[in-house]
Amino acid sequence: MQQPNTQSTSELILRETASQTAGPYVHIGLAPSVAGLPARDEEIWNRMAGPEAEGEPIEVVGTVIDGNGDLVRDALIEAWQADAKGVYQPFFDLRNAFNSFGRTATTFEGSSEWSLQTIKPGPVAHASGQPMAPHINLSIFARGVNVHLQTRLYFDDETDANAHCPVLSRIESPTRRQTLIASREAGDGDRVRYRFDIRLQGDGETVFFDF
Amino acid sequence: MHDEKTRFVERDRNWHPPAYAPGYKTSVARSPQQSLVSMQSPSVSEIGGPDFSGLRMGRYDNDLLLNFTQGQALPVGERIIMFGRVIDQFGKPVPNTLVEMWQANAGGRYRHRNDNYLAPLDPNFGGVGRTLTDEQGWYRFRTIKPGPYPWPNDPNSWRPAHIHVSVMGPSISTRLITQMYFEGDPLIPRCPIVNTVNDPDAVETMIGRLDMAHSKPMDCLAYRFDLVVRGRLQTYFENQ
């Protein structure tokens with residue numbers, strides 16, 4: 001017996017399966033060791049680039065903050081970015097020096113920061129042919145989030161590229177545009193660190209995209 | 001691989017649950033108030049996505065009856081097969097895509113450090129599975145039916161039995177996390193999370209159907225759950 005959505009609708013296409021929150025126990029499925037489960041042979045996690053990866057090694061950290069200003073301690077984030085040359089590397093393999101995809105989560109205790117160990121991405125061409133400023137695509141999943149939120153992280157030391165990015169330019173409000181810019185900090189060792197706090201609601205609410 | 005002419009059928013935001021759904025209290029402070037900013041023409045950043053066909057899976061990764069003890073002992077609960085197809089909105093199978101799932105045990109307790117529900121952990125059950133779809137988009141897990149459990153929303157809210165399901169699809173644009181409910185469960189229409197979805201037809205897309213033909217006599221029942229992800233459109237005419 002088939003589900004109703006696998007039969008043709010009047011719109012001649014099938015309807016997408018509806019989204020539901022990932023819930024508070026998302027870690028069991030997508031980050032087992034965070035939940036307290038044993039890691040499997042291979043896990044998808046936050047070390048997107050190893051020491052052999054081409055490009056500038058960076059760490060990206062941040063928190064997720066709700067409309068009350070409180071830390072969201074049960075968020076899971078997925079990252080998708082180009083390599084240092086601005087090329088996506090879709091074939092995921094833990095033996096690669098660099099993978100375009102990674103996952104991270106906010107922590108249950110302490111500062112509740114998520115983090116990614118990666119390299120700074122290169123610029124990628126927009127459909128229009130114009131270069132987009134270097135960016136990392138982020139998807140946010142959490143209890144209370146019914147459909148995952150999609151945003152982009154840009155870098156504050158790319159002033160010129162950011163000013164000409166066709167996607168950043170689509171955001172009318174300069175104040176809101178600023179919510180997508182990560183700020184550079186001194187990091188640990190030779191790794192530069194960027195901070196990117198995600199505000200789900202209210203003052204300084206992060207820009208989320210539909211695409 | 002993904003050329004610039006690819007795009008996906010627009011996601012219908014009225015079909016999916018809204019961000020702000022006050023019946024589900026946690027959504028109130030976690031829902032953006034500003035409008036989503038639409039990308040008018042998606043770029044390679046949105047069109048591409050990870051390919052996990054090189055991810056090395058463990059022998060029992062899709063078998064929750066065996067994976068926590070690596071085949072040493074069986075969990076308590078109704079043995080079931082959960083299976084189905086990942087297809088796109090045009091009915092095309094989505095091959096080699098990552099399907100991940102997680103669930104509570106038969107008593108409704110999750111093996112998670114933050115779950116302290118009264119029901120005990122099952123020493124033989126972890127509650128996590130993953131697999132890749134085959135060339136025709138089929139996936140399959142073997143598990144036990146999870147139990148319902150109470151949660152703090154209304155004074156007496158209960159989650160219907162459900163399995164969380166995560167599917168990647170061919171692009172980050174097709175990314176989807178949902179929950180599979182079990183056909184006929186009286187807790188479904190009472191659930192504040194189910195009820196974040198406004199369209200009753202959309203709720204139907206989240207219900208796994210008992211499939212006696214795929215059950216195994218004297219062994220386990222089967223539930224079929226097809227996942228439909230956004231369809232890929234090819235545009236053949238460029239703007240002149």
Side-chain angles (χ1 to χ4, degrees), chain A residues 1 3-6 13-25 27-30 32 35-37 40-42 66-68 72 80 88 90-93 100-101 108 124 126-128 132 137 139 141-149 167 170-171 200-202 205 207-211, chain B residues 4 15-17 19 21 26-27 29-34 36-39 41-46 48 50-52 54-56 58 61 89-91 100-102 110-114 126-128 164 166 172-173 175-179 193 196-197 202 204-206 209 211 226-228 230-231:
Chain A
M1 182 172 170
Q3 290 160 247
N5 66 328
T6 63
I13 58 165
L14 307 175
R15 304 303 300 264
E16 205 184 351
T17 302
S19 174
Q20 292 274 265
T21 178
Y25 307 125
H27 317 91
I28 297 174
L30 307 187
L37 278 144
R40 292 163 293 192
D41 296 358
E42 294 196 347
D66 73 11
N68 298 321
V72 174
W80 173 244
Y88 282 90
F91 189 78
F92 184 92
D93 190 321
S100 279
F101 190 81
F108 304 137
V124 174
H126 188 244
S128 62
M132 296 185 286
N137 307 282
S139 299
F141 301 85
R143 175 172 67 101
V145 174
N146 294 324
V147 184
H148 60 280
L149 299 166
V167 171
R170 280 221 29 88
I171 303 162
L200 300 182
Q201 185 188 86
E205 183 177 305
V207 167
F208 298 107
F209 290 104
D210 193 11
F211 53 76
Chain B
E4 298 289 331
W15 177 255
H16 290 287
T26 313
S27 76
R30 294 186 170 193
S31 42
Q33 291 169 332
Q34 303 268 356
L36 300 178
V37 172
S38 300
M39 300 249 188
S41 39
S43 69
V44 64
S45 287
E46 291 76 37
D51 169 359
F52 290 111
L55 185 71
R56 293 182 196 176
D61 278 7
Q89 288 178 280
F90 300 108
E100 296 163 284
M101 56 84 108
W102 65 100
Y110 285 94
R111 188 172 285 279
H112 188 289
R113 43 177 289 196
N114 295 345
V128 55
H164 295 266
S166 159
I172 65 161
S173 296
R175 185 79 179 93
L176 180 75
I177 289 185
T178 186
Q179 301 182 27
I193 290 178
T196 60
V197 176
E204 291 298 311
T205 69
M206 306 188 293
R209 310 277 158 184
D211 184 336
D226 289 341
L227 289 149
V228 179
R230 291 169 70 187

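In the text below, chain A, chain B and the rest are named by the order of the sequence lines, each starting its count at 1. Remember, it's a predicted structure, so these values are computed and weren't measured experimentally.
With respect to E16(A), the side chain to side chain donor-acceptor pair (under 3.5 Å) criterion is satisfied by exactly one of H16(B), R230(B), Q89(B): H16(B).
For an aromatic pair to be called close, the ring centres must be under 6.0 Å apart, and F108(A) with H112(B) satisfies this.
At a 4.5 Å heavy-atom cutoff, the contact between S41(B) and chain A is made by backbone and side-chain atoms alike. For T21(A), the parts lying under 4.5 angstrom from a heavy atom of chain B are both the backbone and the side chain. Only the side chain of V207(A) comes within contact range of chain B, with heavy atoms under 4.5 Å apart. Only the side chain of F101(A) comes within contact range of chain B, judged by heavy atoms closer than 4.5 Å. For S139(A), no part lies under 4.5 angstrom from a heavy atom of chain B. When heavy atoms are compared at a cutoff of 4.5 Å, A19(B) approaches chain A solely by way of its backbone atoms N, CA, C and O. Only the side chain of Y88(A) comes within contact range of chain B, with at least one heavy atom under 4.5 Å from a heavy atom of that chain. Contacts of S166(B) with chain A are made by side-chain atoms alone, with heavy-atom separations under 4.5 Å and no backbone atom involved. Contacts of I28(A) with chain B are made by both backbone and side-chain atoms, with heavy-atom separations under 4.5 Å.
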- Message: Go through it in stages, so that I can follow the logic: the residues are H27(A) and N114(B), the test is side-chain contact (heavy atoms from CB on, under 4.5 Å), and I'd like the CA-CA distance, side-chain angles, deciding distance and then a yes or no.
- Response: CA-CA 10 Å; H27(A) 317 91; N114(B) 295 345; 5.6 Å; no
- Item | Working for side-chain contact (heavy atoms from CB on, under 4.5 Å), residues I193(B) and Q20(A) | CA-CA 7 Å; I193(B) 290 178; Q20(A) 292 274 265; 3.5 Å; yes
- Message: Let's go through I177(B) and S19(A) carefully: what are the C-alpha distance in whole Å and the side-chain angles of both, what is the deciding distance for side-chain contact (heavy atoms from CB on, under 4.5 Å) to 0.1 Å, and is it a yes or a no?
- Response: CA-CA 6 Å; I177(B) 289 185; S19(A) 174; 5.6 Å; no
- Message: With side-chain contact (heavy atoms from CB on, under 4.5 Å) as the criterion, how do F141(A) and R175(B) come out once you've worked through the C-alpha distance, each side chain's angles and the decisive distance to 0.1 Å?
- Response: CA-CA 11 Å; F141(A) 301 85; R175(B) 185 79 179 93; 3.8 Å; yes
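The line from CZ of R15(A) to CD of E204(B) is 13.5 Å long, rounded to the nearest 0.5 Å. With rounding to the nearest 0.5 Å, the separation of CZ in F208(A) from CG in L36(B) is 9.0 Å. To the nearest 0.5 Å, atom OG1 of residue T205(B) and atom CG of residue L14(A) are 11.5 Å apart. In this structure, OG in S173(B) is found 9.5 Å from CG in N137(A), a value given to the nearest 0.5 Å.
Interface check for chain A: of the options H164(B), R56(B), Q179(B), the most heavy-atom pairs under 4.5 Å are formed by R56(B). Between chain A and the options S27(B), S31(B), P50(B), heavy-atom pairs under 4.5 Å are most frequent for P50(B).
Checked by atom type and distance alone, the side chain of T17(A) pairs as donor or acceptor with a backbone atom of V228(B) at under 3.5 Å. Panel note: side chain R30(B), backbone R143(A); a donor-acceptor pair is recorded below 3.5 Å. A donor-acceptor pair is defined here as one N or O able to donate and one able to accept, closer than 3.5 Å; no such pair exists between the side chain of W102(B) and the backbone of L30(A). Checked by atom type and distance alone, the side chain of Q34(B) never pairs as donor or acceptor with a backbone atom of E205(A) at under 3.5 Å. A donor-acceptor pair under 3.5 Å is absent between the side-chain atoms of E42(A) and the main chain of L55(B), judged by distance alone.
Residue S45(B) comes nearest to M132(A) through the heavy atom pair OG-CE, 3.7 Å, listed as atom of the first residue, atom of the second, then distance. Of all the heavy atoms in N68(A) and A29(B), the pair that sits closest is ND2-CB, 3.8 Å. Nearest heavy atoms, P42(B) versus A127(A): O-CB, 3.8 Å. Among all heavy-atom pairs drawn from F211(A) and I172(B), the shortest one is CZ-CD1, 4.1 Å. Closest approach of A21(B) and N146(A) over heavy atoms only: CB-ND2, 3.8 Å. Closest heavy-atom contact between P32(B) and L149(A): CG-CD2, 3.8 Å.
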